[in-house]
Amino acid sequence: MINRDGYTISLWQQHISAFPLSSKHEDKTYDVIIVGGGITGVTTAFLLQEAGFKCLLLEAANLGFGTTGGTTAHLNTLLDVSYETIEKNFGLQASRAIAKASANAIRFIEKMTQEYKIDCGFQTADAYQYAQNEEQDKALVREATAATNAGLDVSRVATLPLPIACSSAIQVKGQAKFSPLPYLYELAKEFENLGGVILENTRVTDIAHNETVDVTAGEHTFSGRKLILATHIPPGINLLHLRCVPYRSYAVAARLSQNDYPQDLYYDMEEPFHYIRSQEVDGQQYLIVGGEDHKTGHHENTNLCFRQLEAWVRKHFPVAEITQRWSSQFYEPVDGLPYIGQLPGEEEDIYVATGFSGNGMIYGTVAALLLRDMLLGVQHELEKILDPNRLKPIAGFSNFISHNADVAKQFVGKLIPAASLPQLADLAPGEGKVITYESEKMAIYKDEAGELHTVSPVCTHMKCDVSWNSGERSWDCPCHGARYNTDGQVLNCPSTMALHALHVAATVK
Ligand code: FES
């Protein structure tokens, strides 16, 4: 099993071991440095190395630690953001280009699985979107029209091959599914075989643009002609943090009492919607259902989200056993499409890919193909459409990798007696909460042994207060989605600095 950015364990994470790194890394200078070991970073690194660039891939934890290890891995052209919205915001040409690029991404993944004989359970499938009331019927008609206009092969169907009633439904061909981590690992292996270098457990803490882009990671400094931030959301402070809204999504994997697993991809039209598929992993079929999405840091009792999702699954399927429950993060772009290209407010040599909504496997692959073409100087029809600079820069938003968190300074380095914190009395083992002590806030987690882990709740990114996430046992920032473990260490960008440690004197049982 590998580590992931939370307490829960995903189906994929449970069924894979640490990536067997074979990189040799004596060099300090590269053509391209890629930061982030998820599908975007690894695919981009592979494509660029294959194209003749000398590449270095830096990952803060381990490959698949972030959302690639927690996705439900739908490979769909029927995207989370409706084609109706894409056409309205960007025009018909753009919605056609997005549909085409999404289909190309699926074909690219299929080609890679065939060429490298990747044992990742890749399988083509159809997608079904279904309505369950009159209002949803109307929205589905509009979406079917917009998706058809975009070039998708859409047909109306009367019923679903699912034990769920619907009032209307559409079927879209040409979709697929797979296990994301075996695919990621094979691309990483091929990247290394081509001479690429991967460093895990190497968190980037500073980026300086001189004649080259100089990246500091721990005691190392590496230089690149180009830098690609494939960190889900860029680190530091950037205009894009105001244009991407962080969300959590929940997933369960289940074994069914009858061997009748839905083989296609299904989406209802609830708010938030449910997404359904199955996957064979190590010879066992699993039903995988996702949903219960909410803004990061806006829902403290996230265990309730798991319970609600599980109840929904049990209502519709003959569940023998829920085998895994996990949650994951995604970023919703304000205008509906990802931001892929040059990082706003920075020199030309720094690139970013973010705002993938719930379509990370597709847009991560789209981003890799687009960034490869951009660095090769090949024109790509999405370059302008997805340009992060399509948004007007705001003055003062070029303060990259700048931190100035204002912590409760009078508590740093001091021991606070637990007896002076009566709020701890009702804190159960495994729980956390933000309390106020002498007008200052403290974020406190009590572990299973009763030990207190106390940090400042002030996010080191831009000073918002973090919230407790009971399901993942993490401190989540509602502003731009930074997440920290119970000791305040960074789990997710955009922050690159830990929460400040505070000290409470005594163990509280
Ligand atoms: Fe920006 Fe916390 S993530 S303030």
Side-chain angles (χ1 to χ4, degrees), residues 3-7 35-38 41 58-62 65-67 70 201-208 215-218 227 229-248 295-298 327-332 339 343-346 350 352-355 397-409 412 432 434 441-443 445 453-469 472-502:
N3 289 328
R4 204 174 59 85
D5 60 2
Y7 180 76
V35 186
L58 299 175
E59 162 55 48
N62 48 270
F65 182 81
T67 297
N201 301 308
T202 307
R203 181 175 295 283
V204 172
T205 50
D206 193 36
I207 296 168
V215 172
T216 304
L227 173 70
L229 298 170
T231 52
H232 208 185
I233 189 83
I237 296 172
N238 189 273
L239 176 64
L240 290 177
H241 298 124
L242 303 181
R243 307 298 191 188
C244 293
V245 183
Y247 277 81
R248 302 295 300 171
K295 284 184 184 168
T296 300
H298 286 247
S327 71
S328 197
Q329 188 141 306
F330 66 94
Y331 284 87
E332 200 72 61
Y339 307 104
L343 185 68
E346 290 302 317
I350 303 180
V352 68
T354 188
F397 261 93
S398 58
N399 193 12
F400 194 67
I401 307 281
S402 166
H403 301 274
N404 188 23
D406 188 14
V407 297
K409 290 193 184 64
V412 175
V434 176
K441 289 180 181 162
M442 306 169 72
Y445 166 70
H453 302 246
T454 313
V455 291
S456 162
V458 180
C459 177
T460 58
H461 180 233
M462 287 174 77
K463 304 185 192 177
C464 292
D465 279 358
V466 296
S467 303
W468 178 240
N469 177 339
E472 295 296 353
R473 299 195 183 185
S474 60
W475 297 108
D476 295 1
C477 183
C479 289
H480 316 108
R483 296 178 57 247
Y484 305 84
N485 71 12
T486 51
D487 289 318
Q489 298 302 314
V490 176
L491 292 171
N492 294 157
C493 277
S495 185
T496 57
M497 277 173 54
L499 297 174
H500 292 266
L502 305 175

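In this chain, residues are counted from 1 in sequence order. Computed from a prediction, not measured in an experiment: that's the story for all the values here.
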Taking the inter-plane angle between the rings of Y445 and H453 on a 0 to 90° scale, is it parallel (under 30°), tilted (30 to 60°) or perpendicular (over 60°)? tilted
Ring-plane angle category for H241 and H461, please: parallel below 30°, perpendicular beyond 60°, tilted otherwise. perpendicular
Give me the atom names and distance for the closest heavy-atom approach of [X] to [Y].
| X | Y | result |
| --- | --- | --- |
| P235 | T496 | CB-CG2, 3.7 Å |
| C244 | I233 | CB-CD1, 3.7 Å |
| S495 | A482 | CB-CB, 3.8 Å |
| G297 | S467 | O-OG, 3.1 Å |
| P234 | L240 | CG-CD1, 4.3 Å |
| Y331 | P246 | CE2-CB, 3.5 Å |

Please check if the side chain of T354 supplies one atom and the backbone of H232 the other of a donor-acceptor pair under 3.5 Å. yes
Output the distance between atom [atom1] ([X]) and atom [atom2] ([Y]), rounded to the nearest 0.5 Å.
| X | Y | atom1 | atom2 | result |
| --- | --- | --- | --- | --- |
| S456 | M442 | OG | CE | 9.5 Å |
| I237 | L242 | CD1 | CG | 10.0 Å |
| N469 | T486 | CG | OG1 | 12.0 Å |
| Q329 | D5 | CD | CG | 7.5 Å |
| Q489 | Y484 | CD | OH | 10.5 Å |
| E472 | L491 | CD | CG | 9.0 Å |

Verdict with reasoning, T460 to H500, per side chain to side chain contact (heavy atoms under 4.5 Å, CB included): CA-CA 8 Å; T460 58; H500 292 266; 4.2 Å; yes
For N485 and S474, what are the C-alpha separation, side-chain angles and deciding distance, and is it a side chain to side chain contact (heavy atoms under 4.5 Å, CB included)? CA-CA 5 Å; N485 71 12; S474 60; 5.9 Å; no
Can you find a side-chain donor-acceptor pair between S327 and R248 that sits under 3.5 Å? yes
Side chain to side chain contact (heavy atoms under 4.5 Å, CB included) evaluation trace for D465 with V458: CA-CA 5 Å; D465 279 358; V458 180; 4.0 Å; yes
Might you work through the disulfide (SG to SG under 2.5 Å) test for C479 and C464, ending with a clear yes or no? CA-CA 6 Å; C479 289; C464 292; 1.9 Å; yes
